[in-house]
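Order of the sequence lines fixes the chain letters, A, B, ..., with proteins taken first and strands second; residue numbering starts at 1 for each chain.
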Amino acid sequence: MSILTILGIIPLVGSVIVGFTPTKDVARAKIIALVFAVATFVVAVVAVVGFDPNSAEPFQYVAQHDWIPALGISFAVGVDGIGLILVFLATLLVPVVIWAGWNDVEEAGEQSPGQTQGNVRGYFALMLVLEAMMIGVFVSLDVVLFYIFFEVILIPVYFMIGRYGTGRRTYAAVKFLVYSLLGGLIMLAALAGLWYVSLQNFGGANMYFPDLLSMDIDPTVQGWLFWGFFIAFAIKAPLWPVHTWLPDAAGSSTPGTATLLIGVLDKIGTFGMLRLCLPLFPEASQQYAPVIIAISVIGIFYGALVAIGQSDMKRMFGYVSISHFGFMTMGIFAFTSVAQTGATFYMLGHGLSTAMLFLVAGYLISRRKSAQVTDFGGVVNVAPVAAGLFLIAGLSALALPGFMTFQAEFLVLVGTFERYAWVAAFSTLAIILAALYILFMYQRSMTGPTSEGVKGFKDLNFRERWAIAPLVVVLIGLGFYPSPAMNVINPAVERTMEWVGATNPPPAIADATAEATPSDSVEGSAR
Amino acid sequence: MDPSAYVILSGILFSIGALGVLLRRNAIVVFMSVELMLNSANLAFVAFARMHGNLDGQVIAFFVMIVAAAEVVVGLAILMTIFRTRRSASVDEPSLLRN
Amino acid sequence: MISLASTILSTSDEEPAVEPITAVVSAAEAGGLFEWFWLLIAFPVFGMLVLLIGGRRTNAWGHLLGTAVVLVPFGIGVALLIDMMGRAEDQRSVVLHMWDWTIAGNFTADMALRLDPLSMVFVLLITGVGSLIHIYSIGYMSHDPDRRKFFGFLNLFIAAMLLLVLANNYLLLYVGWEGVGLASYLLVGFWQYKNSAAVAAKKAFVMNRVGDVGLSLGIMLMFVTFGSVAFEEVFAAAGEADGTVVTLIGLALLLAATGKSAQYPLQAWLLDAMEGPTPVSALIHAATMVTAGVYLIVRSNALFDLAPIALNVVLVVGVVTMVAGAVIGCANDDLKKSLAGSTMSQIGYMFTAAGLGPAGYVFAIFHLLMHGMFKADLFLSAGSVMHNMNDQLNMRRFGALRTVMIVTTGTFFAGFLGITGVPPFDSFFSKDDIIKSALSQNWLAGIATIFAAGLTAFYMTRQLSMTFFGKKRWTQDVKPKESPPVMTVPMIFLSAGALFGGLTMVYLFNLQEWLTPITGFTPGELPIPDWAVEVITIATLAIGVTLAWRQYATRDVPETPPVNVTPLTVAARKSLYADAINEGLFMRPGQHLTRFLVWFDNRGVDGIVRGTASGVSGLSNRLKLLQNGYARSYALTMVVGVLVIAAIFIVSRWV
Amino acid sequence: MTLVMQAAESSGSTGEQVTFWICAFLIVTGGLGLILSRKTVHSALFVAQTMISLAVLYAANGAPFLALVQVIVYTGAVMMLFLFVLMLVGVDSSDSLIETLKGQRVAAILMVLGVVVLIVASVGGALSNSTSLGIAEANEEFGGNVEGLAHLMFTTYLLPLQVVAALLISAALGALVLAHRERIGERLDQTTLANRRVAAFGDGVHPGGLPNPGVLASSNAIGTPALLPDGTPTELSVPVPLRGKKAPEILNDPELIKAEQAEIESISESESAIRDAGLAGIGGHTDLSDVYPDQLDPDEAGTGETELPPAPDDDAKPGDA
């Protein structure tokens with residue numbers, strides 16, 4: 001059995017056990033959940049350590065079992081560097097979220113009267129189910145298997161928002177579900193098309209991803225299939241203008257749910273683009289890249305500007321994420337290895353920094369019983385550690401150099417600059433907006449005279465501090481020593497570039513020396 | 001005689017029956033309208049039997065009559081039952097499908 | 001040196017042009033202490049981590065540790081300097097490769113440090129002035145419950161600043177660049193319970209970010225042009241690149257520099273940044289961080305040399321800020337803000353010098369070094385005043401402080417001598433060099449530099465007389481006394497630097513010779529004789545001093561600013577409307593745009609979504625009405641269906 | 001008109017044409033009468049008219065067997081069944097012809113007209129030039145219409161015949177089951193009933209039978225009230241289903257009406273007492289429905305009037321559970 005299968009089974013087993021603990025024994029359920037999450041993380045670390053970045057094989061830990069042979073569907077798992085990074089992210093965040101969100105459900109209950117506070121274990125069981133599904137998405141090598149995980153994952157999230165959230169949680173949950181199902185439906189159609197194409201190509205259906213790469217698809221068909229998959233991923237990611245479910249979902253879920261939803265789950269969108277859209281439909285991807293770049297740039301600025309105008313912290317982080325997802329898709333569709341590496345690195349960094357933002361904000365919100373920025377003020381005077389961690393989280397979100405998010409954002413911009421110079425130059429302006437929305441919010445909520453509602457805040461306790469610590473360590477550690485991640489990502493990205501058939505534009509100097517006419521290099525690279 | 005005359009008569013009769021079904025609320029009248037429609041079909045069968053020169057149409061018409069009889073029996077029984085509980089023979093009353 | 005001293009002492013001012021040396025040696029080759037110079041950064045990083053993570057447990061001894069981790073690097077720096085002085089000129093640039101840092105596709109940036117004469121100067125300035133200010137802060141912050149945190153932030157600043165000047169590639173420089181920005185943010189907003197401090201900190205950071213856009217763009221352009229962001233490779237290949245691109249890179253770097261160094265048009269944050277504790281103003285917003293822009297331009301001299309247009313823009317920016325900053329300094333009644341205006345102006349001098357190209361790079365750094373000492377001295381003295389005047393800064397409520405604060409008066413006066421350029425003190429050497437260099441290259445810039453020197457004399461005399469001379473105008477509750485030795489001793493050290501730094505740099509340690517291998521040097525030709533320049537300059541100084549002395553020392557200073565003043569004064573008091581312009585041009589439109597987008601997102605984008613949802617449910621409500629429960633209705637529907645189907649059949653047969 | 005003209009031109013014999021036109025007139029008027037009459041009884045009579053006319057047309061089309069069956073089954077059995085049910089339901093139950101469903105009437109008429117046009121246009125058009133083979137030959141093949149039908153039914157259509165037979169039996173059984181009412185209380189014997197009547201007599205309820213209709217009246221029709229010795233008619237003598245028909249003089253005299261109402265009320269009470277005593281199933285007391293709210297069978301009660309379980313809240317989402 002592949003280590004990846006084990007990785008997926010552990011949280012599933014855990015969720016069953018958590019689900020069957022006695023209702024009253026909430027603490028035990030939480031501890032069991034944490035133990036299983038940590039165990040999963042340990043196995044994931046084993047997998048990461050055992051991963052050979054220099055291997056010639058595109059995928060490692062591959063296991064393939066027949067599942068529905070008649071339809072050419074198999075249970076196939078395996079990871080490349082990109083998948084591995086995201087598995088690492090998911091398995092890291094789940095224990096952190098459990099540990100940080102120890103009392104999430106109870107606190108959410110206090111915030112929105114009338115909510116049932118019972119069945120805390122259900123929340124943790126769902127979280128473990130979610131973890132298993134997330135791992136499943138990232139390691140699936142069969143496209144149908146990928147799709148199944150892609151859709152099944154909605155179920156735990158739907159309940160985690162709708163049942164354990166705050167505010168207009170039912171509205172948010174239904175909106176999330178309908179949006180995602182719409183995307184899933186379109187993807188299903190495209191999947192059927194892909195299945196038919198594979199039938200034509202191989203003379204028998206085969207949905208094993210590595211095999212599909214050798215297919216030769218008519219460009220028109222590619223276009224249709226590409227958009228089918230892309231729209232689903234764009235909704236998931238979410239890109240402008242199909243983003244409006246995200247602020248609602250973020251605003252109405254518990255911090256833990258929001259973390260997993262935006263930190264990991266949305267990465268399925270960008271991961272899917274990188275894993276499925278690009279290699280399977282290379283011509284279509286390149287053909288429509290300008291459109292998607294344009295959408296991404298709109299998203300970058302749109303998300304940032306709307307974030308500035310938000311008064312609800314969690315909603316604001318949602319918009320911030322929309323801006324960041326714009327960067328990721330821009331990097332993916334710039335078709336340079338720098339940008340794609342940056343985008344993958346961004347996925348990891350964004351996951352961690354968003355997690356920090358949501359979790360620390362969650363601590364504060366649970367103390368103030370409100371997520372409105374105007375309800376805070378002067379927190380730094382009474383709870384310096386909370387405010388400090390909040391600032392660190394904010395700084396990582398605005399991609400301050402020293403955090404891994406900096407390299408991520410910068411690489412995306414540089415890589416995009418290689419191909420679309422003006423677009424990248426324009427997008428660079430977003431770093432100003434990032435400073436604005438983070439610091440404006442920090443200034444209004446954390447600094448200044450201590451406001452009435454904030455007096456009497458207790459600073460973070462042991463549990464709360466140490467749940468966040470791993471995130472800080474990874475964010476800054478990878479900022480100064482990113483090689484462990486980069487080494488894994490680089491070969492995977494190179495391979496993706498190879499599959500797509502894209503090559504990096506050479507530096508202008510090389511052009512100049514080759515042609516001996518050193519002119520127009522900027523314009524040349526802008527083309 | 002030209003069968004089309006019978007068929008057209010049958011069509012008119014059918015339409016009148018349909019109109020009765022659509023317009024009248026009394027279940028008994030509706031039943032009778034249905035009978036009218038069945039009879040119009042019988043007329044057409046008989047006319048066609050004559051046109052084609054064989055008796056199959058008449059046999060079918062006979063069967064229709066039997067079925068109509070059975071239907072009327074059961075239908076009226078149901079009507080009675082409904083009437084007993086609701087004190088009404090209006091077909092609009094049992095609009096329980098609503099809500 | 002083409003200074004007064006040199007003209008008097010040397011018979012010839014004909015100097016050869018010097019080309020920069022780009023060769024580097026690896027740390028391993030250099031050996032000895034050079035293999036360990038990463039410790040320069042490691043010490044303050046260590047201090048920061050202990051102080052910030054250790055929390056309240058380190059309160060008792062945190063300030064001592066914080067000071068020690070800066071003093072030790074200063075010692076290392078001095079040792080390195082001695083070592084470096086003993087090496088041949090082309091062996092002085094040492095690169096220490098620590099680890100592969102960011103490798104993505106064909107983009108590589110190493111975690112590599114570079115110690116060469118230019119960064120050496122900065123290392124000593126940062127650690128030297130930094131140590132003194134740390135010591136000063138022990139006294140200055142002694143009553144603050146968060147003193148330990150303050151030292152942690154200061155250490156963070158020192159580490160980031162050292163990283164900035166030691167980085168061997170632009171990306172790593174960027175880390176230091178933003179690191180000092182962060183430290184500045186934290187320290188300006190150190191008293192976060194004050195709204196004004198928090199707002200000022202945010203403003204400083206955001207405006208710096210605008211500059212960072214320039215740095216980002218510059219690095220991107222470098223990468224796509226040269227395929228590398230490391231100094232050696234970029235500089236080596238600079239000549240091959242297209243001139244337009246190099247100009248663009250130069251302009252991008254200039255944008256970054258204006259942000260960090262508070263030059264026009266990104267100058268507005270500096271005055272507000274005076275909200276921070278005074279040691280911060282002295283260290284970050286006078287001596288070191290704000291000069292990072294000058295460092296960036298001088299460091300990138302290989303690029304700027306090839307981009308005359310960019311260089312000219314640097315010159316224009318420098319001249320404009322030099323004059324405008326001085327004007328602001330002349331009118332502001334807030335002692336620290338007046339000094340901040342002065343800082344802008346002095347950095348304007350440096351930019352002017354750097355904008356002159358190879359003729360001025362050295363003098364820019366020279367003035368930078370001098371400025372670091374006299375301005376730190378001035379700020380610390382101002383801090384000492386403020387410390388004893390209940391944190392007041394309004395000079396109109398000072399006066400006659402020389403009677404109670406003798407040492408402070410002395411150190412401030414030393415700073416005064418240093419900045420105005422009275423012979424033979426600091427600025428006399430450095431500013432004169434710039435003036436002459438400017439005159440030789442561009443007479444307009446030259447005249448501006450002389451004029452600004454006169455303004456400098458005016459506002460410094462104004463400060464001096466309003467604060468230490470004239471009559472007492474104190475508020476009731478203040479009882480000024482001299483500061484404790486822990487504060488005055490660093491001030492005295494810095495005064496010594498302000499007084500004799502210039503002499504040292506010219507005669508004992510030949511800074512020009514030291515730097516020219518890095519920056520290159522092209523001597524200019526003066527249109528008028530040397531002595532004439534110096535006479536004009538000193539005359540201008542005298543006019544400035546006299547005017548200010550007559551206005552502020554011999555006459556009574558009103559306690560509220562007079563109203564019937566010239567429009568220029570009104571403008572200067574409002575910092576030349578910088579905030580108004582920013583607000584009108586960016587903030588208000590930005591707010592409107594944001595508000596519109598929020599509305600648009602709720603009503604427009606989400607409105608479409610919700611509209612679709614309610615449309616579907618509305619349609620289903622309509623369709624639901626068909627299911628009215630009336631059998632006759634259903635029968636009618638069936639008839640309609642029959643009719644439609646029959647019609648289709650018939651029509652299709654006809655067709 | 002052209003169609004009618006065509007029909008006339010291609011006609012076989014003048015006699016049949018005359019028959020057709022007469023019958024067609026009767027059929028259509030019968031059908032329209034069915035729709036248009038307010039009273040159900042009239043409707044039933046109009047249907048009977050249509051049925052018989054149809055039987056004539058069957059005969060004219062060489063289907064004597066069907067004509068007979070039509071008369072026997074339809075006019076004889078089915079229509080009688082209808083009349084029985086009408087008697088049970090209340091012979092005077094008349095509809096208001098005001099349409100309650102909005103737009104139903106207009107739409108129905110339009111649609112049906114459409115159907116007529118379609119049938120006439122298509123079927124009539126398609127058949128207009130066809131020739132009829134005639135049924136005579138087929139009738140003669142086995143020596144007669146009945147023989148021919150019998151032959152077909154017991155050969156080709158044997159299975160359908162069996163099935164239809166089964167259907168008929170099932171229908172009869174079904175009708176029995178549906179019309180059957182379960183006994184609620186214990187069966188009361190004559191003694192008990194007599195005792196109760198005597199007990200009720202103590203409360204002023206007359207123990208004897210009600211007067212017969214038509215006694216001493218001008219007519220002995222079932223709807224004519226008997227005359228009391230003083231010459232006034234008594235409504236008590238008229239069976240409840242028929243009480244809607246009142247003598248004109250009663251309807252015009254308010255005093256009498258009042259007295260009548262009081263009388264009916266007392267009857268109702270006494271009948272309710274009897275009903276309570278267990279005389280269930282006398283039947284046909286249409287206008288006593290609100291006096292006997294509890295007479296319904298337990299399984300029937302509650303289907304109509306009791307509230308359905310509350311519909312699930314629209315907002316009830318799984319998350320709210």
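Inspection of the D/Gln70 and B/Asn42 side chains reveals no N or O donor paired with an N or O acceptor under 3.5 Å. Side chain to side chain, D/Glu141 and B/Asn54 fail the donor-acceptor criterion of an N or O pair below 3.5 Å.
When the candidates D/Val164, D/Ile119, D/Val78 are compared by the number of heavy-atom contacts under 4.5 Å with chain B, D/Val164 comes out ahead. Most heavy-atom pairs under 4.5 Å with chain B, from the set D/Leu113, D/Asn145, D/Ile169: that is D/Asn145. Of the residues considered (B/Ile60, B/Ile12, B/Val46), B/Val46 shows the highest number of contacts with chain D, using heavy-atom pairs under 4.5 Å. Of the listed residues (B/Gly11, B/Ala69, B/Ser15, B/Gly20), the greatest number of heavy-atom pairs within a distance under 4.5 Å of chain D belongs to B/Ser15. For the options D/Pro160, D/Ala172, D/Gly174, heavy-atom pairs under 4.5 Å to chain B are most numerous at D/Pro160. The candidate with the highest count of non-hydrogen atom pairs below 4.5 Å against chain B, out of D/Val115, D/Leu81, D/Thr50, is D/Leu81. Contacts with chain D were tallied for B/Asp56, B/Leu13, B/Val7; B/Asp56 has the most, counting heavy-atom pairs under 4.5 Å.
For chain B, the nearby parts of D/Ala44 are the backbone and the side chain; heavy atoms of each come within less than 4.5 Å. Only the side chain of D/Val47 comes within contact range of chain B, judged by heavy atoms closer than 4.5 Å. For B/Met80, the part sitting under 4.5 Å from any heavy atom of chain D is the side chain, from C-beta outward, and nothing else. In this structure, the portions of D/Leu161 lying under 4.5 Å from any heavy atom of chain B include both its backbone and its side chain. Contacts of D/Leu32 with chain B are made by both backbone and side-chain atoms, with heavy-atom separations under 4.5 Å. The part of D/Met79 that comes within reach of chain B is its side chain, from C-beta onward, which places non-hydrogen atoms under 4.5 angstrom from that chain. There is no contact between D/Phe84 and chain B, counting heavy-atom distances below 4.5 Å. Interface remark: D/Ala24 contributes backbone and side-chain atoms alike to the contact with chain B (heavy atom separation under 4.5 Å). For D/Leu173, no part lies under 4.5 angstrom from a heavy atom of chain B. The parts of D/Ser43 that come within reach of chain B are both its backbone and its side chain, each placing non-hydrogen atoms under 4.5 angstrom from that chain. Contact annotation for D/Val116: both backbone and side-chain heavy atoms come within less than 4.5 Å of a heavy atom of chain B.
In this structure the side chain of D/Leu86 reaches within 4.5 angstrom of the side chain of B/Ile28, judged on heavy atoms. Annotation: side chain of D/Ile27 is not in contact with side chain of B/Asn39 (no heavy-atom distance under 4.5 Å). Inter-residue side-chain proximity for B/Ile66 and D/Leu167 is flagged as unmet; no heavy-atom pair is nearer than 4.5 Å. With contacts defined as side-chain heavy-atom distances shorter than 4.5 Å, the pair B/Gln58/D/Leu149 qualifies.
A distance of 4.0 Å separates OH in D/Tyr74 from CD in B/Glu35, rounded to the nearest 0.5 Å. Rounded to the nearest 0.5 angstrom, B/Leu19 CG and D/Met111 CE are separated by 12.0 Å. Expressed to the nearest 0.5 Å, how far NZ of D/Lys39 lies from CG of B/Asn26 amounts to 13.0 Å. Here the OH atom belonging to B/Tyr6 is positioned 12.0 Å from the OH atom belonging to D/Tyr58, to the nearest 0.5 angstrom.
In plain terms, the two heavy atoms of D/Leu66 and B/Ala61 that are nearest each other are CD1-CB, 3.7 Å. For the residue pair B/Ala70 and D/Leu168, the shortest heavy atom distance occurs at CB-CD1, 3.7 Å. In this structure, B/Leu9 and D/Leu57 approach most closely via the heavy-atom pair CD2-CD1, 3.5 Å. A pairwise comparison of heavy atoms in B/Val73 and D/Ala171 identifies CG1-O, 3.8 Å as the closest pair. Here the shortest heavy-atom pairing between B/Leu22 and D/Gln104 reads O-NE2, 3.1 Å. In terms of heavy atoms, B/Ala47 sits closest to D/Asn61 at CA-OD1, 4.4 Å.
Partners of B/Met37 by side chain to side chain contact (heavy atoms under 4.5 Å, CB included), not counting sequence neighbours, listed by chain and number: B/Phe14, B/Ala18, B/Val21.
The ring pair (Phe, Tyr, Trp, His ring centres under 6.0 Å) contacts involving residues 48-71 of chain B comprise B/Phe62-D/Phe65, where partners must be two or more places apart or lie in separate chains.
Between the B/Arg24 side chain and the D/Ile35 main chain, a donor and an acceptor come within less than 3.5 Å of each other.
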